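Here's the structure we're looking at; comments come further down.
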Amino acid sequence: MTKPTLEVKSGFSRLRVDLTYDGSNFSGWAKQPGLRTIQAEFEAALTTIIQGEVSTIVAGRTDAGVHAKHQVLHVDLPEDTQVDNLAFRLNQLLKSDIRVLEAVWAPLNFHARFGPNSRTYQYKIIDGGKVIAPLDRFDSAKWFRQLDVELMNEGSKLLLGEHDFFAFCKHREGTSTIKNLMEFEWHRDEKDVVIGQITANSFGYNMVRNLVGAAVCVGEGRFKPEWMLKTLTEKIRISDSYVFPPQGLSLIKVDFPPADQYLAKYNENHLNPQEQEDEG
């Protein structure tokens, strides 16, 4: 892995880009040979505009089929690059399932991956065998049993705090499964859709979809809420059959500290193995 750095080459400045995308027809964020990915399409569009190679760093590398209502990346560009209408120009080149919300020069010490305080994901479930409306099929998962949201919240709150989430992550060499889970809450919206909101300093690969699957097991009455804590503390690997599908998952927020704390947060995060991994 390339050593992360805040250094920007002479003659370059750091650009922050906020974007949103429908992940349905992508093989995730990261570039992969022969596959359609968000990173590849964004970098191709930006390369066309500036007539030079670019390399983006993103806050969270979403997996295949996962959406982002608000994603953040940075890229270093020649400091004379005109960015006043860059978001508009990028959107003219990108297909309609990716949209740039804003592209601005970033403050000193900004880093999309190692700068955030937290990431927040949302998971949507249409339960009880209810019919999925055509427009809802893009960002919702279907579950045939009725779910008890109160039981899901009972189990989910037991996992809050800093723990080793080995049981809920597919471990990867060189990364840590110790995470700080700040929020894990369920409710029903005005359309009776079950909504889960999950916030952590960072997430391991498949961590959110494993947590969702465990909560659903409790919500449908298969296990007691305490089973979620037992699974965590005893490091019992969650079965692959509990991993919920990607289409119900969306990255909805990346939270950064005030600009005068960017450097401190970067140093805390990139020197710590609890770095942001893939999600999905």
Side-chain angles (χ1 to χ4, degrees), residues 23 60-67 118-130 132 139-172 175-189 192-253 274 276-280:
R61 300 191 298 265
T62 50
D63 200 8
V66 177
H67 318 294
S118 64
R119 288 90 170 163
T120 299
Y121 282 87
Q122 180 187 81
Y123 201 95
K124 297 173 67 175
I125 304 172
I126 297 176
D127 68 333
K130 293 190 288 288
I132 296 183
D139 68 346
S140 306
K142 184 176 183 178
W143 196 244
F144 52 94
R145 295 193 180 98
Q146 187 75 13
L147 297 175
D148 186 324
V149 171
E150 290 187 10
L151 287 177
M152 295 168 77
N153 278 325
E154 281 186 38
S156 298
K157 71 181 181 181
L158 298 175
L159 307 187
L160 295 176
E162 186 172 276
H163 306 286
D164 186 347
F165 284 88
F166 172 87
F168 299 94
C169 301
K170 289 187 176 179
H171 181 57
R172 292 185 168 182
T175 61
S176 173
T177 52
I178 298 173
K179 309 293 177 184
N180 182 12
L181 189 62
M182 304 168 182
E183 177 187 25
F184 191 8
E185 185 271 340
W186 297 90
H187 70 277
R188 289 185 183 272
D189 69 6
D192 203 34
V193 176
V194 177
I195 308 290
Q197 187 154 305
I198 307 176
T199 301
N201 62 328
S202 65
F203 290 95
Y205 183 56
N206 275 359
M207 179 174 162
V208 174
R209 292 197 282 142
N210 273 312
L211 289 169
V212 168
V216 166
C217 286
V218 170
E220 68 179 19
R222 192 185 311 183
F223 301 114
K224 299 291 186 183
E226 295 77 16
W227 167 80
M228 293 178 68
L229 181 60
K230 177 181 173 68
T231 300
L232 176 81
T233 56
E234 297 186 5
K235 298 184 179 180
I236 304 167
R237 281 285 192 191
I238 287 290
S239 167
D240 286 346
S241 64
Y242 297 166
V243 181
F244 258 57
Q247 69 265 24
L249 183 61
S250 299
L251 174 63
I252 63 170
K253 182 182 180 183
Q274 299 176 36
Q276 172 70 6
E277 300 172 39
D278 298 303
E279 175 46 48

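Model, not experiment: these values are computed from the prediction.
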Atom NZ of K157 with >12 non-hydrogen neighbours under 6.0 angstrom = no
Nearest 0.5 Å, what's the CG-OH distance between L211 and Y121?
-> 12.5 Å
Interatomic distance, E183 atom CD to T120 atom OG1 [nearest 0.5 angstrom] | 6.0 Å
Could you tell me whether K130 atom NZ has more than 12 heavy atoms of other residues or ligands within 6.0 Å of it?
-> yes
Between D127 (side chain) and W143 (backbone), is there a donor-acceptor pair under 3.5 Å?
-> no
Looking only at heavy atoms, which two atoms of E150 and D148 are closest? And how far apart?
-> N-OD1, 3.0 Å
Is there a donor-acceptor pair closer than 3.5 Å between any side-chain N or O of R209 and the backbone N or O of F244?
-> yes
Looking only at heavy atoms, what is the nearest atom pair of T62 and H67, with distance?
-> CG2-O, 4.4 Å
Here the gap from R119 atom CZ to K253 atom NZ, rounded to the nearest 0.5 Å, amounts to 13.0 Å
Nearest heavy-atom pair of G204 and C169: which atoms, and what distance?
-> CA-SG, 3.9 Å
Minimal heavy-atom distance between S118 and M182, with the atoms involved, is CB-SD, 3.8 Å
Side chain to side chain donor-acceptor pair (under 3.5 Å) with Y205: which of T177, N210, D63?
-> D63
Is there side-chain contact between V212 and I125, with at least one heavy-atom pair below 4.5 Å?
-> yes
Could you tell me the separation between the CZ atom of F165 and the CE atom of M207, rounded to the nearest 0.5 Å?
-> 4.5 Å
Got a second to check how far E162's CD is from I178's CD1, nearest 0.5 Å?
-> 6.5 Å
Mind checking the CG-OG1 spacing from L159 to T231? Nearest 0.5 Å is all I need.
-> 8.5 Å
Quick one: do L147 and V216 satisfy side-chain contact (heavy atoms from CB on, under 4.5 Å)? Show the steps, please.
-> CA-CA 7 Å; L147 297 175; V216 166; 3.9 Å; yes
Would you say the side-chain atoms of S250 pair up with the backbone N or O of I252, donor to acceptor, closer than 3.5 Å?
-> no
Among K230, M228, K224, which residue meets the side chain to side chain contact (heavy atoms under 4.5 Å, CB included) test with E226?
-> K224
Under a 4.0 Å N-O cut-off, is there an ion pair linking E220 with R222?
-> yes
If only atom types and distance count, is the side chain of N201 paired as donor or acceptor with the main-chain N or O of N180 below 3.5 Å?
-> yes
Validation row: Y123, I198 side chains within 4.5 angstrom (heavy atoms) | no
Taking all atoms of both residues into account, what is the closest heavy-atom pair of V218 and M152, and its distance?
-> CG1-N, 4.3 Å
How far apart are the C-alpha atoms of I236 and W227, what are their side-chain angles, what is the distance that settles it, and do they pass the side-chain contact (heavy atoms from CB on, under 4.5 Å) test?
-> CA-CA 10 Å; I236 304 167; W227 167 80; over 6 Å; no
Minimal heavy-atom distance between L158 and P225, with the atoms involved, is CD1-O, 3.7 Å
Side chain R237, main chain F166, donor-acceptor under 3.5 Å | yes
Take the angle between the ring planes of F184 and W186 and call it parallel below 30°, perpendicular above 60°, tilted in between.
-> tilted
